[in-house]
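Being a predicted model, the structure only gives us computed values, none of them experimental. Proteins get letters first, then strands, A, B, ... in listed order; numbering begins at 1 in each.
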There are 2 protein chains.
Amino acid sequence: MPVPSDRLASVSIRDVASEAGVSHQTVSRVINESPSVKESTRQVVLDAIARLDFRPNRAARALAGGPVQSVTVLTSNTRQYGFAAALEGIEEATRAAGFALGVRVVESGTPGDVRDAVERAIEPAGALIVIAYDRAGIAALRAVPPDVPMAAMVETPSGDEAAGKPWVWFDDRKAARDATNYLLGLGHKTVHYVSIPSSTSTSQRMLGWRSALEDAGVSVPKPLQAGWDPQSSSQAAQHRLTRDRKVTAVLCGNDDLAIGVMRAMHQAGRAIPDDVSIVGFDDTPLAAFYIPALTTVRQDFAALGKACFAKLLSLLDANASQDAHPWPQAELIVRESAGPPPLPRQRANGQSGSVRAGTGAGGRPRRAPGTRSPAPAPAASSGVGPEQTRKTAKGVSR
Amino acid sequence: MPVPSDRLASVSIRDVASEAGVSHQTVSRVINESPSVKESTRQVVLDAIARLDFRPNRAARALAGGPVQSVTVLTSNTRQYGFAAALEGIEEATRAAGFALGVRVVESGTPGDVRDAVERAIEPAGALIVIAYDRAGIAALRAVPPDVPMAAMVETPSGDEAAGKPWVWFDDRKAARDATNYLLGLGHKTVHYVSIPSSTSTSQRMLGWRSALEDAGVSVPKPLQAGWDPQSSSQAAQHRLTRDRKVTAVLCGNDDLAIGVMRAMHQAGRAIPDDVSIVGFDDTPLAAFYIPALTTVRQDFAALGKACFAKLLSLLDANASQDAHPWPQAELIVRESAGPPPLPRQRANGQSGSVRAGTGAGGRPRRAPGTRSPAPAPAASSGVGPEQTRKTAKGVSR
DNA sequence: CGCGCTATTGTGACCGGTCACACGATCTCT
DNA sequence: AGAGATCGTGTGACCGGTCACAATAGCGCG
């Protein structure tokens with residue numbers, strides 16, 4: 001049991017060396033797991049290390065050109081759910097790997113700012129993870145010099161744009177398709193879309209929505225452009241959605257936008273899901289607790305963040321586990337905010353879409369589609385939340 | 001205009017020195033703003049620095065014992081609103097000050113884990129900011145060796161416990177008092193309290209609530225202990241609040257708990273705010289968009305985070321602005337989730353519409369902490385959100 | 001004119017690691 | 001038995017800053 005000893009007086013590699021009766025270089029070899037150290041000396045050194053409670057000094061190591069052991073995350077935001085959850089996942093992964101983690105936000109997409117942010121981010125760490133879900137993030141991604149080890153979380157790329165790039169993403173297109181099909185399957189004549197700002201000109205999420213509508217031979221309404229927050233979607237909805245009785249289903253780019261739309265609908269006196277169905281994206285921790293609980297496409301950003309770090313690690317460490325770390329998949333979580341459209345002629349069996357709407361194919365539960373009516377209300381202890389059916393909307397793997 | 005030059009080949013202090021025709025030490029003096037450099041040479045050096053696009057290497061500086069220019073935030077969480085917002089504020093402040101920012105989460109309060117986390121956090125940075133809102137955070141705070149520069153965000157301390165300590169906090173006690181009084185002022189017979197986990201045994205927030213009740217000569221119900229998430233409060237509420245028609249007002253330790261309670265009430269068939277009033281804490285960005293919109297005590301964590309960093313800076317830099325940086329104040333934001341209690345004798349203005357609470361000041365303001373009735377309802381375009389009256393609940397300054 | 005003092009600048013060691021390379025001991029093979 | 005290869009280890013320089021201290025210059029003054 002190592003004596004706490006004096007804090008502050010940090011022990012160096014040479015202290016360990018003399019304690020173990022070897023040279024400082026041998027200690028260095030041991031802590032770097034060099035194969036060319038005899039097992040017996042290795043043990044002696046390890047003992048000394050333990051006895052002295054030695055920890056290599058990151059600054060010195062970085063300075064001397066040792067292996068990179070810290071990452072900084074470059075992002076345009078730290079509070080929004082997707083970003084924060086990604087950060088959480090990355091933090092956990094870095095901690096597990098013994099890496100230090102830095103954070104730097106890049107505010108605008110202005111070339112000067114971006115350049116500056118990128119340089120400042122590179123400097124203390126060496127390696128970068130860029131969260132590139134918006135314009136600023138994308139700009140940062142592009143501004144990273146090619147010789148800096150980096151991985152990135154990006155929007156679904158189109159085509160083979162991402163070939164060979166150290167990027168990770170959710171299959172937005174597929175997820176949006178499935179969510180749209182789910183709504184169509186409920187009997188809606190079409191589905192409106194409220195979009196988050198896309199970093200690319202052709203958001204795959206929007207494309208997925210559109211293609212689902214087209215495949216169903218249904219009219220494609222003009223998508224609404226919103227920001228990231230409920231304020232923006234609420235406003236957009238008030239302009240274009242709220243007064244039109246023909247809109248009965250709205251797919252939203254994230255849960256916050258969904259909340260904004262719900263709010264706007266509510267204020268306009270339209271009930272959810274009876275008059276209009278809403279489906280979100282992300283599955284915020286609170287989504288299950290809204291009233292009505294939000295049907296949404298879950299995206300496990302924390303897991304994706306971990307995958308992203310794993311990717312970075314494989315870049316850093318040539319001989320690291322090179323195997324394709326599968327990414328998390330998006331899945332549609334069916335709750336209460338989407339249901340059959342109001343009064344449009346009875347349907348035999350709400351089956352028209354490719355997606356089997358949960359088990360609730362039966363009558364036509366006006367209020368909760370996939371609700372295999374459990375007890376009228378989750379009476380007591382166990383599953384308190386309004387979580388309900390969950391249906392994989394698939395994701396991508398490699 | 002500095003030529004981009006080759007990335008990677010970082011320029012060092014000696015490069016600058018030879019470029020400027022001085023010694024490396026002089027360059028060091030210039031970048032450290034030493035007063036003993038002649039103005040003319042300073043200019044020459046600065047020019048060279050600009051020309052070469054020189055940036056001091058943080059690792060080298062740290063290694064050589066230079067001034068601390070990075071902080072790491074030690075927290076038990078990065079996703080929860082309060083923590084994430086604090087982090088956001090700290091990030092902004094550090095960026096403005098040219099500091100690098102690290103993040104490390106300490107998972108449990110186990111002595112071993114905490115010790116380890118603290119050491120790992122100290123090592124790369126030198127300075128620490130601890131977010132100590134729960135047990136793990138507090139444990140970390142206590143585990144920080146006294147010689148490490150540190151500031152902390154804490155729960156409201158009691159008495160002069162915080163005297164001389166580099167801590168910042170909101171005046172929870174006052175805020176809870178005011179919120180409770182607001183509810184009493186609406187006519188409720190008493191107010192129930194659902195608590196977040198407190199890091200201290202005597203949460204000042206709870207004390208504020210209790211003292212308000214006691215001062216009003218009203219019965220003090222047993223507080224409910226919940227966790228941080230809506231799941232926990234929902235569960236707690238189902239056990240103890242939902243079935244008792246006498247509970248008409250609930251104050252919640254944060255907005256997520258408020259959501260959980262709202263959900264539980266909803267499932268039990270009790271309308272908000274008609275049957276029961278709910279008030280939260282924090283003012284999450286989504287609070288204004290819930291249905292009904294949440295009345296809550298706003299706490300600007302980002303601003304408090306900045307104040308905390310300012311405090312740290314003043315510790316690091318003896319001659320820094322020593323003036324008492326005022327902290328942000330908590331304020332009660334009145335929206336829709338709280339209103340007069342149900343049916344206790346007809347009220348002049350008996351409302352039943354679920355969405356219009358703010359107007360109900362007429363009746364008999366029991367101790368009405370100045371609720372002025374605003375416009376009936378946020379009609380259309382402009383202020384989309386259901387924001388309404390906002391009433392300072394006061395905070396603390398120094 | 002020489003001395004002491006201060007303002008300014010330069011010199012070299014050092015922080016705690018790594019890298020490149022040299023060195024001694026074994027082992028192998030002819 | 002000696003040359004070479006391999007293994008295990010030690011030596012010293014170096015990363016890019018800072019620190020402590022020396023050195024030089026300029027000044028006021030007796």
Side-chain angles (χ1 to χ4, degrees), chain A residues 8-46 48-49 52-70 98-100 119 122-126 316-317, chain B residues 8-46 48-49 52-70 98 100 119 122-126 316:
Chain A
L8 179 70
S10 72
V11 324
S12 87
I13 204 181
R14 294 168 225 256
D15 299 329
V16 176
S18 73
E19 169 83 11
V22 300
S23 79
H24 64 104
Q25 179 56 43
T26 299
V27 176
S28 173
R29 290 195 181 96
V30 168
I31 63 183
N32 286 307
E33 292 168 339
S34 154
S36 67
V37 177
K38 210 198 300 181
E39 183 54 31
S40 59
T41 46
R42 165 193 300 281
Q43 274 311 325
V44 173
V45 172
L46 287 178
I49 286 179
L52 267 43
D53 192 25
F54 163 83
R55 289 165 186 273
N57 177 319
R58 243 181 198 102
R61 180 171 271 182
L63 181 56
V68 180
Q69 297 237 3
S70 39
F99 273 52
E119 286 186 0
I122 292 173
E123 188 253 295
L316 255 29
D317 219 354
Chain B
L8 179 68
S10 71
V11 324
S12 85
I13 204 182
R14 294 170 225 252
D15 299 328
V16 175
S18 72
E19 169 84 11
V22 298
S23 79
H24 65 103
Q25 179 57 41
T26 299
V27 177
S28 174
R29 291 196 180 96
V30 169
I31 62 183
N32 287 308
E33 291 168 337
S34 154
S36 66
V37 177
K38 210 198 300 180
E39 183 55 28
S40 59
T41 48
R42 165 192 301 281
Q43 273 312 325
V44 173
V45 172
L46 287 178
I49 286 178
L52 266 44
D53 192 25
F54 163 83
R55 289 163 185 273
N57 177 318
R58 238 173 202 111
R61 181 172 270 180
L63 181 57
V68 180
Q69 298 237 7
S70 41
E119 286 187 359
I122 292 173
E123 190 252 296
L316 253 30

Among residues 13-27 of chain B, which contact DNA chain C at a heavy-atom distance under 4.0 Å?
B:V22, B:S23, B:H24, B:Q25, B:T26
By the salt bridge (Lys or Arg N to Asp or Glu O under 4.0 Å) test, which pairs, at least two apart or in different chains, include something from residues 23-32 of chain A?
none
Applying side chain to side chain contact (heavy atoms under 4.5 Å, CB included), can you list everything that pairs with A:A20, at least two apart in sequence or on another chain?
A:V22, A:V44, A:V45, A:A48
Axis-to-axis angle for the helix from C:dC1-D:dG30 to C:dT30-D:dA1, ends of five pairs each, to 10°, equals 60°
So CD1 of B:I31 and CZ of B:F54: to nearest 0.5 Å the spacing works out to 4.5 Å
Residue list, side-chain hydrogen bond (donor to acceptor under 3.5 Å, both in side chains) with A:S36, at least two apart or on another chain
A:S34
Quick check: does any side chain N or O of A:N32 sit under 3.5 Å from a backbone N or O of A:S28, one acting as donor and the other as acceptor?
yes
Counting any heavy atom closer than 4.0 Å, what does B:R29 reach on the DNA or RNA strands: base, sugar-phosphate only, or nothing?
base
Would you please name every residue forming a salt bridge (Lys or Arg N to Asp or Glu O under 4.0 Å) with A:E39, sequence neighbours left out?
A:R42
side-chain hydrogen bond (donor to acceptor under 3.5 Å, both in side chains) against B:E123, all qualifying residues, sequence neighbours excluded
A:R58
What's the separation between atom CD1 in B:I13 and atom CZ in B:R61, rounded to the nearest 0.5 Å?
8.5 Å
Which nucleotide span of DNA chain C, 5' end to 3' end, has atoms closer than 4.0 Å to non-hydrogen atoms of chain A?
C:dG16 to C:dC21
Can you list everything that forms a side-chain hydrogen bond (donor to acceptor under 3.5 Å, both in side chains) with B:Q69? Sequence neighbours excluded, please.
none
B:V27 and B:E19: side-chain contact (heavy atoms from CB on, under 4.5 Å), yes or no, with the steps?
CA-CA 11 Å; B:V27 177; B:E19 169 84 11; over 6 Å; no
How long is the straight-line distance from CG of B:N57 back to OG of B:S10, given to the nearest 0.5 Å?
6.5 Å
Sorted by chain and number, sequence neighbours left out, side-chain hydrogen bond (donor to acceptor under 3.5 Å, both in side chains) with A:R14 holds for none
Under 4.0 Å from any atom of DNA chain C, heavy atoms only: list the residues of residues 33-43 of chain A that qualify, in numerical order.
none
